[in-house]
Amino acid sequence: MQQVCLVTGATSGIGRATAHIMAKRGYTVVVVGRSNQKCMTTVAAIKNKTGNRSVDYLVADLSLQKDIHTLVDRFNNKYTRLDVLINNV
């Protein structure tokens with residue numbers, strides 16, 4: 001079973017590079033960002049460059065408590081485990 005890695009702040013900079021590396025290593029990667037468009041673009045680029053089809057995204061503004069709770073709920077509804085959490089934000 002693939003390990004699941006969630007990366008916050010993953011639509012640019014260090015977070016994006018980290019998500020890319022984790023996908024390249026074969027993890028299921030969940031990209032978290034504030035912008036739906038940036039998340040979609042990031043996921044497409046990572047899939048294209050790594051060949052890993054197990055890359056997904058969730059949109060949340062982690063400065064808002066309600067978004068954090070929604071993020072947790074959405075993650076738990078879709079995934080049964082979390083192996084690696086990278087808090088880049």
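Values reported hereafter were calculated over all heavy atoms of this structure, with side chains retained and with hydrogens, waters and symmetry mates removed.
In this structure, T11 contributes its side chain and G33 its backbone to no donor-acceptor pair below 3.5 Å. In this structure a side-chain-to-backbone donor-acceptor pair under 3.5 Å is present from N77 to D73. Without hydrogens or angle criteria, T28 side chain to Q2 main chain gives no donor-acceptor distance under 3.5 Å.
Looking at D61, L62, L64 one by one, the single match for side-chain contact (heavy atoms from CB on, under 4.5 Å) with L71 turns out to be L62.
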Determine, stepwise, if the pair Y79 / L6 fulfils side chain to side chain contact (heavy atoms under 4.5 Å, CB included). CA-CA 11 Å; Y79 300 94; L6 185 139; over 6 Å; no
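By the criterion of side-chain heavy atoms lying less than 4.5 angstrom apart, applied directly or through intervening Ile, Leu, Val, Met, Phe, Trp or Tyr residues, V55 is grouped together with V7 in one hydrophobic cluster. Linking ILVMFWY side-chain heavy atoms closer than 4.5 Å, directly or via other members, places I21 and V31 in two distinct hydrophobic clusters. Both V32 and V4 are members of a single hydrophobic cluster when ILVMFWY side chains are connected at heavy-atom separations under 4.5 Å. Connection of I86 to V43 is established within a shared hydrophobic cluster, with ILVMFWY side chains joined at heavy-atom distances below 4.5 Å, either directly or through further cluster members. Put simply, V89 and Y57 are part of two different groups of oily side chains (I, L, V, M, F, W, Y) that touch within less than 4.5 Å, one to the next.
Sorted by first then second residue, the salt bridge (charged side-chain N to carboxylate O under 4.0 Å, His left out) pairs that include residues 22-39, not counting sequence neighbours, number zero. Every pair tested for salt bridge (charged side-chain N to carboxylate O under 4.0 Å, His left out) that includes a residue from residues 40-52 fails, sequence neighbours excluded, so the list is empty.
Side-chain contact annotation: N52 with Y27, donor-acceptor N/O pair under 3.5 Å absent.
The minimum heavy-atom distance between T50 and A23, with the atom names listed, is OG1-CB, 4.0 Å. What you find for C39 and L58 is that their closest heavy atoms are SG-O, 4.1 Å. In terms of heavy-atom proximity, R16 sits nearest to I46 at O-CD1, 4.4 Å.
Remark: D83 pairs with R81 by the salt bridge (charged side-chain N to carboxylate O under 4.0 Å, His left out) rule, at least two apart or across chains.
By the neighbour-count criterion of 12 heavy atoms within 6.0 Å, atom CD1 of I14 is sparsely surrounded, having that number or fewer from other residues, nucleotides or ligands.
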